[in-house]
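Right, one structure below, let's go through it.
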Amino acid sequence: MLAFGIIYFVWGSTFLAIRVGVHEVPPFLFAGMRFVAAGVALFGWMRLRGTEWPSARQWGSATVLAVLIFVVDYGLLFWAEQRVPSGIAAVMMATIPVFMALAEILMLGTQELTVRLAIASLVGIGGVGVLVSRTVNLGDAPVDTLGACALVVASVSWSVSSALSKKLQLPAAKAMSSGAQMLVGGLLLMVTAAALGEFRGFRVQGISGKAWLALAYLIVAGSIIGFTAYVWLIHHESPTRVGTYAYVNPVVAVLVGYFFGGEALGTRTIVGTALILVSVVVITTAGTKKVHPGARGDAMPVPSDVERA
């Protein structure tokens with residue numbers, strides 16, 4: 001119960017911590033600070049335990065995934081939270097299962113498009129439409145268009161990385177694979193921050209205690225404790241039960257943003273969130289038709305190595 005509580009509530013609350021941080025620290029730099037620290041901790045811990053150093057090919061695979069997951073997905077998430085409420089950001093990132101299903105159909109050929117999957121995907125996309133539409137009048141303002149587009153691109157990037165992870169050679173130990181990806185991703189985020197000029201005029205001494213606390217929370221609670229709880233759960237509980245965090249996190253994020261972040265909770269947010277969560281539940285619980293591996297390529301599906309921590 002403690003482990004489930006961590007992945008439900010800690011991961012759900014990280015979106016508000018991101019919003020707090022990016023209002024004082026440039027987004028790619030803030031993301032880089034988080035994942036360099038978390039990556040060093042996780043990678044170092046696995047090395048101390050005697051886990052084998054990744055091969056050159058595995059480092060290459062980790063780098064490809066790091067670009068998609070950390071630079072594009074997390075980088076855009078942190079950037080978008082300058083413009084979009086944290087709860088809405090979490091809800092829009094919950095569309096990842098929709099794009100993951102499409103990636104399996106279009107990229108891997110390991111899943112067939114069923115009527116149920118098609119309808120669920122349309123419902124999820126409709127939920128995003130409700131959140132951003134300027135023609136639908138629900139009494140509250142729509143989400144910032146640029147921020148929403150960034151979050152959609154981030155979700156697609158995560159989904160593509162999940163599909164690619166099933167074809168790339170990665171370290172056998174899940175924690176080592178994640179640590180390598182976090183470390184490389186954090187360093188690439190720092191490079192991106194430098195390229196975007198985020199270091200110009202930035203002063204560490206100008207960061208408030210609240211932003212430092214948000215960063216510490218993201219590193220320790222969100223990445224290290226959250227990931228440890230997740231890894232423990234996948235070895236002791238069914239994947240279906242563990243996967244329920246995908247429905248709970250957005251709800252937690254919306255409520256945390258409302259009660260602790262002063263974010264609005266209007267009809268638009270409620271309707272859009274409901275449509276997206278219905279879509280996620282249907283897609284993740286559907287008995288989808290799998291294509292026999294011999295029919296199209298020889299890639300065998302395996303779980304993604306880095307979860308949303």
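Side chains are part of it too, since the values below use all heavy atoms of this structure and drop only hydrogens, waters and symmetry mates.
Pairs of residues two or more places apart, or lying in two chains, that qualify as side chain to side chain donor-acceptor pair (under 3.5 Å) and include a residue from residues 197-220 are Ser13-Tyr217, Glu24-Ser208. Applying the side chain to side chain donor-acceptor pair (under 3.5 Å) definition to pairs two or more places apart or across chains, those involving residues 255-266 are Arg19-Glu263, Ser86-Glu263.
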Show which side-chain atoms of residues 87-96 pair as donor or acceptor with protein atoms under 3.5 Å away, not counting sequence neighbours.
from: Thr95; atom 1: OG1; to: Met92; atom 2: O; distance (Å): 2.6
from: Thr95; atom 1: OG1; to: Ser155; atom 2: OG; distance (Å): 3.4

Do any side-chain atoms of residues 37-52 form donor-acceptor pairs under 3.5 angstrom with protein atoms, and if so which ones, sequence neighbours left out?
from: Arg47; atom 1: NH1; to: Thr51; atom 2: O; distance (Å): 2.9
from: Thr51; atom 1: OG1; to: Met46; atom 2: O; distance (Å): 3.0

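Heavy-atom minimum distance, Leu188 versus Ala66: CD1-CB, 4.4 Å. Minimum heavy-atom separation, Ile283 to Ala120: CG1-CB, 3.6 Å. Heavy-atom minimum distance, Ser165 versus Leu65: CB-CD1, 4.0 Å. The minimum heavy-atom distance between Phe227 and Trp11, with the atom names listed, is N-CZ2, 4.1 Å. Shown here for Ala3 and Trp232, the closest heavy-atom pair between the two residues is CB-CE3, 4.0 Å. Closest non-hydrogen pair, Val22 versus Phe78, comes out as CG1-O, 3.5 Å.
Two residues are said to be in side-chain contact when any heavy atoms from C-beta on lie closer than 4.5 Å; Leu68 and Asp73 fail this criterion. Side-chain contact between Leu218 and Phe35 is absent, with no heavy atoms from C-beta onward closer than 4.5 Å. Residues Thr192 and Phe70 have side chains not in contact (no heavy-atom distance under 4.5 Å, counting atoms from C-beta outward). Put simply, the side chain of Val130 reaches to within 4.5 Å of the side chain of Leu275, judged on heavy atoms. Ser121 has its side chain within reach of Leu117: a pair of non-hydrogen atoms, C-beta onward, lies under 4.5 Å apart. With contacts defined as side-chain heavy-atom distances shorter than 4.5 Å, the pair Val256/Phe15 does not qualify. Val152 is listed as a side-chain neighbour of Phe99, based on a closest heavy-atom distance under 4.5 Å. Within the 4.5 Å cutoff, the side chain of Ile18 has heavy atoms near those of the Leu77 side chain.
A continuous path of Ile, Leu, Val, Met, Phe, Trp and Tyr side chains, each step under 4.5 Å between heavy atoms, connects Leu146 with Leu196, placing both in one hydrophobic cluster. Under the 4.5 Å side-chain heavy-atom criterion for ILVMFWY residues, a single connected hydrophobic cluster contains both Ile270 and Leu255. At a threshold of 4.5 Å between side-chain heavy atoms, the hydrophobic network of Ile, Leu, Val, Met, Phe, Trp and Tyr places Ile276 and Leu122 in two separate groups.
Aromatic ring pairs are classed by plane angle as parallel below 30°, tilted from 30° to 60° and perpendicular above 60°; the pair Trp158 and Tyr74 is perpendicular.
Judged by distance alone, with hydrogens and angles left aside, the side-chain atoms of Thr273 form a donor-acceptor pair with the main-chain N or O of Thr269 at under 3.5 Å. Listed for the Asp144 side chain is no donor-acceptor partner under 3.5 Å among the backbone atoms of Pro85.
Counting heavy-atom neighbours within 6.0 Å of Phe199 CZ, excluding the residue itself, gives a total above 12.
Partners of Arg57 under the salt bridge (charged side-chain N to carboxylate O under 4.0 Å, His left out) rule, at least two apart in sequence or in another chain, do not exist in this structure. Residues passing the side-chain hydrogen bond (donor to acceptor under 3.5 Å, both in side chains) test with Ser133, sequence neighbours excluded: Thr135.
The CZ atom of Phe30 sits 10.0 Å away from the CD atom of Glu81 when rounded to the nearest 0.5 Å.
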